[in-house]
Amino acid sequence: MNAAGMNIIDLDTSSVRELNARLHGHGHGGAEAPSAWQVLNPHGKHSLAVGLEAAHKVLIEGHAGYYCGGMNKEAEITVKGQCGKGLGENIMSGAIRVEGNAAEAAGASGRGGLIVIDGDASSRCGISMKGVDIVVKGSVGHMSAFMAQAGHLVVCGDADDDLGDSIYEADIYVAGKTGALGADCVEKEMTPDHVEFLSQLLERAGVDRPAESFRRYGSARKLYNFDIDNADDY
Amino acid sequence: MNGAEEIGRMCGIVGLFIKNPRLENSLGRLLTPMLVEMTERGPDSAGFAIYGPEPPQRRIKVTLSASGEADWASVAADFEQILETKIEYFVRAGHAVFVLPPEEAGIRQCIAARHPGLHITSIGSHLEIFKDTGLPAEVASRFGLDEMIGSHAIGHTRMATESGISAKHSHPFSAAPDFSLVHNGSLSNHNGVRDKLRHAGIAFDSDNDTEVAARYIAHRRSLGRSLQDALRDALRELDGFYTFAIGSADGFAVLRDSIAAKPAVLGETADWVAMASEYRALAALPGIENAHIWEPKPATVYSWSHDQMAQAA
């Protein structure tokens, strides 16, 4: 621990397993109570700071590999670099911020909490999201919010083809251009309630941009029920 | 990826295309850490295709690999006898690069008849392919990758799960002069495509699915298709999941299948274009902090060549 009360773990000398065990409160020097952690020399290693259940503040000083912050509860994780695929997969609560880009499937199946990506996110951002809020300051790749069930995906840049394919009930907000929308995804009315909610979410994410400049997309609800006219397709 | 029964899902691929000629002397020095960074994705074997300077007098480079000890002097003597000229060669670990007159058929015949234990890894005016078993860092240092110079290169780190680990199974694969390919993924219809190509008179070295991709693309090019068009043909013909990095005499291309589930990230600055399975392989490149970084879209051909650059200038 340094003078500022920060626990420092250097991944040039410690393993990822040691890092996660300490963050889970196991072993020598493990976290008994929420505390501040600094992770040095991550070098894009996979599974950094996964499965946290305490309100730690974790600062990853560099690039993270796959599944960073997966299954996070309560903790606040900041990555000062780029992230590999599956960032914050199945996040339950807490917050994850990435100062660079995130690879595929950021926030996949996330149930709660907030993910903020300062750069771009790649394809399938928010795939099967179930309540998480994802704010991408840049653009997202193809098939983002695929089969999204609940939560909010906010894209300040553009969204590539097949946005919201087979979406259930999540809300998607895009400020820039969209490619071809996915099956059953349509543009929807932006009501004052939506503007108010989005303004609050943008503020929480630290985005200085009027909510009115976004368009809203969601489910046309045409895929919800079996349609006898489609029987021949099966 | 590997043999027909292969179900492995790992492997790492990298590629580097130099835009600023002043960096050409550093090609190997820049590629080495990229390859080593992909060790966790493929610790069994590694290989790389280097596009270096063209030999004088319209000669070509033929890279040979030996599985054990090789008597390179006697190989050279046989080439001199058959090709009726003095030749030069240099040895790098278990490989040797021979600088020969451009008589591919005679060269292949000589190897097949007199040195059947040797394997031709590449033929071309620019291309040299080195590949072997071992950790990527060991393979790179064995061949002296650090000192290699050239305009572009692709590399591969392999994790075999079911088929054999050997230099011959390793990537890159070459299927035509100056053409090389590395692959992350696996093809599901490679047996059918191989049969079709065999009917068209194409010979195969292995039952490897990646070799099918390399030979298919090379075959389309031999029919007069451009590299870009041949890659678009591949999207229709090859079923499976893949990210390919492809090298040709003049350039470098990247292609992902239409689902794009295998990883790939591209970075570009005024000095270089780089590709890797994961961002961390690019993280040590000079100027990366200001590079344009993105993940290539599915079913989209990305290509760079010195010719395109000259036209754009």
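Chain letters run A, B, ... following the sequence lines, proteins first and then strands; every chain starts at 1. Only heavy atoms go into these numbers, but all of them, side chains included; no hydrogens, no water, no symmetry mates.
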_For B:S258, give me all partners under side-chain contact (heavy atoms from CB on, under 4.5 Å), at least two apart in sequence or on another chain._
B:A299
_Residues of residues 167-176 of chain A near chain B, each having a heavy atom less than 4.5 Å away_ = none
*Heavy-atom distance under 4.5 Å to chain B: side chain of A:D160, backbone, both or neither?*
side chain
*asked:* For a quick test of reading the model, state the closest non-hydrogen atom pair linking A:Y66 to B:S277 and the distance between them.
replied: OH-O, 4.4 Å
*Heavy-atom side-chain contact between B:E278 and A:H63 under 4.5 Å*: no
*Report, as yes or no, whether the 6.0 Å neighbourhood of atom NZ on A:K188 holds more than 12 heavy atoms from other residues, nucleotides or ligands.*
yes
*asked:* For A:K57, is the NZ atom crowded, meaning more than 12 foreign heavy atoms sit under 6.0 Å from it?
replied: no
*Within residues 282-291 of chain B, which positions have a heavy-atom distance to chain A below 4.5 Å?*
B:A283
_Distance in Å, A:C83 SG paired with B:R280 CZ, rounded so as to fall on 0.5 Å steps_ = 12.5 Å
*State, to 0.1 Å, how close A:H142 and B:I259 come at their nearest heavy-atom pair, and which atoms those are.*
NE2-O, 3.7 Å
*asked:* Quick check for you: among A:K45, A:H46, A:K85, which has the greatest number of heavy-atom pairs under 4.5 Å with chain B?
replied: A:H46
*Neighbours of chain A found in residues 139-151 of chain B - heavy atoms under 4.5 Å*: none
*If you take all heavy atoms of B:A261 and A:E104, which pair is closest and at what distance?*
O-OE1, 4.1 Å
_Please classify the contact of A:A64 with chain B as side chain, backbone, both or neither, using a heavy-atom distance under 4.5 Å._
neither
*asked:* For B:R225, is the CZ atom crowded, meaning more than 12 foreign heavy atoms sit under 6.0 Å from it?
replied: yes
